[in-house]
Amino acid sequence: MEERQKRADADMAAGTLNIEKTWKNARQTDKLAMVKRQLQQMAGGRQRCMYCSDSAGTDIEHFWPKSVYPEQMFRWPNLLLCCTGCGRDCKGSQFPLVNGNPALLDPTVDDPWDFLDFSPATGILFARMDSKGSTSIKGSETARVFQFAKRDAVTLGYRRSFRRISKIIQTILDDPAGHAAAFISDLKDADEHGILGWCFRGAGVNESPMSSLRQNHPAVWSACVSAFKNY
Ligand SMILES: [Zn+2]
């Protein structure tokens, strides 16, 4: 990768770099196939897109778009796994900046639930409001660029995941004698979209049925909060 980046940098300096062709040629190699496998492993068992967590991650994505920042084309920290909908249809070469810093969530660094909120009724991800009532720029830019409100398949998937999570939480509310460990494992199985972070540390802590669990079963609640701290 380093070698390839050096060659690309030299071509760029000479004014002869063909970004698309260079990337396309590299994608045919075993090394890049290895990079994709590595990213798939990082994306967890479901190998989903790192932006929407809904569709399968099929493409190697450049967080800093290679068409604008070819000096990042072969840099490992710039590579993510994403779906066609997020990468090609939505993001393309869009990359909003604020004071030179990315205004999009970086899935390798940021906790999405610091910046995003979720509506269980619509399945839409949108910018989180802070305690002073201002909206997170990173959250709103991410929701805008990835068009979360307009992608029916994505919102449907999120609604389904949340319904399954709600049902499991309801079982503990109905029968608090159940084991917290089994409960936590059921929740992980049900959560295909990474919403447990929203439920147990994001804005979801104040929503039903999480708020009932927190008030009525504080021990189970604490076990969940610690289980889903980095989830
Ligand atoms: Zn996606």
Side-chain angles (χ1 to χ4, degrees), residues 20 23-24 27 32-33 35-69 72-73 75-97 102-128 136-165 188-199 202-204 230-231:
E20 284 306 322
W23 180 250
K24 215 173 152 195
R27 282 291 276 120
L32 266 289
V35 166
K36 190 173 166 190
R37 279 200 297 277
Q38 187 76 37
L39 287 168
Q40 284 172 328
Q41 274 167 23
M42 287 168 63
R46 294 187 175 100
Q47 302 190 348
R48 296 235 169 148
C49 168
M50 292 179 178
Y51 291 128
C52 70
S53 298
D54 182 72
S55 311
T58 50
D59 297 341
I60 299 179
E61 145 77 0
H62 295 85
F63 183 61
W64 293 76
K66 65 180 183 311
S67 55
V68 190
Y69 305 97
Q72 298 263 19
M73 185 159 37
R75 301 263 179 240
W76 168 249
N78 192 41
L79 304 181
L80 303 171
L81 188 72
C82 83
C83 71
T84 311
C86 285
R88 293 186 207 178
D89 302 342
C90 290
K91 182 167 172 268
S93 59
Q94 293 186 81
F95 198 64
L97 298 171
L104 294 182
L105 274 165
D106 180 347
T108 64
V109 182
D110 296 318
D111 179 348
W113 306 115
D114 287 343
F115 306 94
L116 290 174
D117 202 343
F118 167 68
S119 160
T122 61
I124 294 173
L125 299 172
F126 58 98
R128 185 175 180 173
S136 141
I137 292 178
K138 228 181 215 189
S140 54
E141 283 297 273
T142 300
R144 178 185 67 78
V145 166
F146 293 103
Q147 302 184 29
F148 291 136
K150 295 179 189 158
R151 294 165 70 188
D152 292 346
V154 175
T155 57
L156 185 71
Y158 271 84
R159 282 207 304 276
R160 277 199 191 125
S161 270
F162 185 72
R163 262 205 307 275
R164 284 195 292 266
I165 289 170
K188 282 184 182 170
D189 285 346
D191 182 17
E192 295 202 357
H193 292 81
I195 316 174
L196 288 169
W198 176 78
C199 296
N230 302 308
Y231 192 72

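In listed order, ligands and their atoms are each counted from 1.
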Where the Zn ion (ligand 1) is the corner point, what angle links SG of Cys52 with SG of Cys83, to 10°?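 Computed angle, vertex at the Zn ion (ligand 1), rounded to 10 degrees: 110°.
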Geometry at the Zn ion (ligand 1) - Cys86 SG versus Cys49 SG angle, rounded to 10 degrees: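 Angle SG(Cys49)-the Zn ion (ligand 1)-SG(Cys86): 110°, rounded to 10°.
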So, Glu192 and Arg48, do they make that salt bridge, N to O below 4.0 Å?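 Answer for the salt bridge query: yes.
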For Trp64 and Tyr69, take the angle between the two ring planes, folded into 0 to 90°, and tell me which bin it lands in: parallel under 30, tilted 30 to 60, perpendicular over 60.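 Answer is perpendicular, since the angle exceeds 60°.
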Could you check whether any side-chain heavy atom of Lys91 comes within less than 4.5 Å of a side-chain heavy atom of Leu104, counting everything from C-beta outward?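 Counting from C-beta outward, Lys91 and Leu104 do come under 4.5 Å.
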Does any N, O or S atom of Cys90, backbone or side chain, fall under 2.8 Å from the Zn ion (ligand 1)?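 Given the 2.8 Å cut-off, Cys90 does not count as a ligand of the Zn ion (ligand 1).
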Answer yes or no for Cys82: is there an N/O/S atom below the 2.8 Å cut-off from the Zn ion (ligand 1)?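 It does not: Cys82 brings no N, O or S atom closer than 2.8 Å to the Zn ion (ligand 1).
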If you count the non-hydrogen atoms of other residues, nucleotides and ligands that lie under 6.0 Å from CZ in Arg88, is the total more than 12?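 No - once you tally the heavy atoms of other residues, nucleotides and ligands closer than 6.0 Å, there are 12 at most.
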